Amino acid sequence: MKNIYDLTIEELEEYFLNNNEKKFKALQIYSWIYGKRIKSFDEMTDMKKGLIEKIKKDFKIDYLKIVKVERDKEVNKYLFELDDGTHIESVLMKHDYGKSICISSQVGCNMGCKFCESGRLKKVRDLMSYEMVLQILEVEKDINERISHVVIMGIGEPFDNYKNVTNFIKIINHPKGLAIGSRHITVSTSGVVPKILEFSNFPYQVNLAISLHAPNDKIRDRLMPINKAYKIKDIMDALKTYYKKTNRRITFEYIMLDGINDTEECAQELCRLLKGFNCYINLIPYNETNNMEFKRSKNDRILKFYDIIKKNNVSVTIRREFGSNISAACGQLRSKKEEL
Ligand code: SAH
Ligand code: SF4
């Protein structure tokens, strides 16, 4: 049986048409589940009893199970248990402009990046769209507030779960769904080139972030196994196509790893690579984990790196460090749990 939160408005309309009902019923259901946040289909007072019984036979309306929450002033971290006993996590960040949530797209990740906690635990399965939608609904329920921004940067490679992730975006963007503006949604990928190309035809104005983390293939090969399949040049070519079609500025994420990718030469090389491209670079102080050999770059290195990029007239920011004291880096909470 499908979970109701898995359906796009088009899929729900099709369901009603197939059952000889008017398609506007789809919008009605959306208003109940996303507007009024009902917990049982019986609460839909504007639908006939018979139709409610039919819907109850066809769909579940269950939420996920939160098994652990770590709370801090600026960030909450949630560990969820799914129906099959697997675990995922979401991170809520409290900004002055609103609340943003970082959601997971898979249970584990197959990309195996050397610095990443999620990559240490192999992919068990893709998340269904409803399991992504419900991460948002559950957290909104917990804080009793609306979330304004969504980043798909938790556990998993979203472009390895393309269909469910794009359906998820359609659901949360819909005005009668969660109505989260497309410009407030960001997908981050390690560089799955065919999917970047496919994404350039996705008709929603969402933001794309690329986890680059190195200015050349030699360093990137060492950090990210996916670079063996798709080289930096392949990614840049795909991004040129993406940019031509969407005209949207691209974000490059760059984790600062002590002694590995944080030298002045690296900064210069990065600028040569990205110069003239409509993009900005997000420098991410590495969140150190217990199991990894990597260290966070020292602050003066990060600032020096930042200055060089700035002087080259490439847009750059340093990411604020959220919740490094409550294991908020990608995959850390789940990884602790799986080790218990
Ligand atoms: N798989 C996708 C999205 C999830 S990872 C991707 O790789 O883009 C989201 C971001 O968190 C990536 O840029 C990833 O490199 C980064 N990341 C992973 N582990 C981290 C850590 N310990 N500290 C800081 N950033 C980390
Ligand atoms: Fe997967 Fe992203 Fe972690 Fe790499 S950084 S292992 S792609 S979650």
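Keep in mind it's a predicted model, so treat the numbers as computed, not measured. In each ligand, atom 1 is the first atom listed, and ligand 1 is the first ligand listed.
Legend: salt bridge (Lys or Arg N to Asp or Glu O under 4.0 Å) pairs involving residues 185-209, not counting sequence neighbours, sorted by first then second residue: Lys195-Glu198. Residue pairs meeting the salt bridge (Lys or Arg N to Asp or Glu O under 4.0 Å) criterion with at least one member in residues 155-167, sequence neighbours excluded, are Lys123-Asp160.
Against a heavy-atom cut-off of under 4.0 Å, Cys109 is close to the following atoms of ligand 2: 1 (Fe), 6 (S), 7 (S), 8 (S). Ligand 2 places these atoms under 4.0 Å from at least one heavy atom of Met111: 1 (Fe), 7 (S). Close approach of ligand 2 to Ser190 (heavy-atom distance below 4.0 Å) involves ligand atoms 7 (S). Taking a cut-off of under 4.0 Å to the non-hydrogen atoms of His213, the atoms of ligand 1 that pass are 13 (O), 14 (C), 15 (O). The ligand atoms of ligand 1 that sit less than 4.0 angstrom from a heavy atom of Thr189 are 6 (C), 8 (O). Every atom of ligand 2 with a heavy atom of Gly156 under 4.0 Å away is listed here by number and element: 8 (S). The contact set between ligand 1 and Ser211, taken as ligand atoms under 4.0 Å from a residue heavy atom, comprises 6 (C), 7 (O), 8 (O), 12 (C), 13 (O).
Using a 30° and 60° split on the angle between ring planes, Tyr162 and Phe199 fall in the perpendicular class, above 60°. Ring orientation note: the planes of Tyr78 and Phe80 are close to parallel, at an angle under 30° on the 30°/60° scale. Ring planes of Phe277 and Tyr243: tilted class, angle from 30 to 60°.
Taking every heavy atom of both residues into account, Ile155 and Gly108 meet most closely at CG2-N, 3.4 Å.
Transitive grouping of hydrophobic side chains (ILVMFWY, heavy atoms separated by less than 4.5 Å) keeps Tyr280 and Leu303 in distinct clusters.
There is no side-chain donor-acceptor pair under 3.5 Å between Asn167 and Asn164.
Between atom 1 (N) of ligand 1 and the options Ser190, Gly156, Cys109, the minimum heavy-atom separation is to Gly156.
Judged by the shortest distance from any of its heavy atoms, Cys102 lies outside the 4.0 Å radius around the atoms of ligand 1. Residue contacts with ligand 2 leave out Ser211, since none of its heavy atoms falls under 4.0 Å from the ligand.
Only the side chain of Glu253 comes within contact range of ligand 1, with a heavy atom under 4.0 Å; no backbone atom does. Of the heavy atoms in Met111, none comes closer than 4.0 Å to ligand 1.
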Practice item. Quick one: do Gln135 and Leu127 satisfy side chain to side chain contact (heavy atoms under 4.5 Å, CB included)? Show the steps, please. Key: CA-CA 11 Å; Gln135 291 174 56; Leu127 288 191; 3.5 Å; yes
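Side chain of Glu288 to main chain of Arg296: a donor-acceptor pair is present (N/O by atom type, distance under 3.5 Å, no hydrogens or angles).
The N/O atoms of Asn287, backbone and side chain alike, include one that comes under 3.5 Å of an N/O atom in ligand 1. Taking only nitrogen or oxygen atoms, main chain and side chain alike, Ser188 reaches within less than 3.5 Å of ligand 1.
Among the backbone and side-chain atoms of Cys116, no N/O/S atom is found under 2.8 Å from atom 4 (Fe) of ligand 2.
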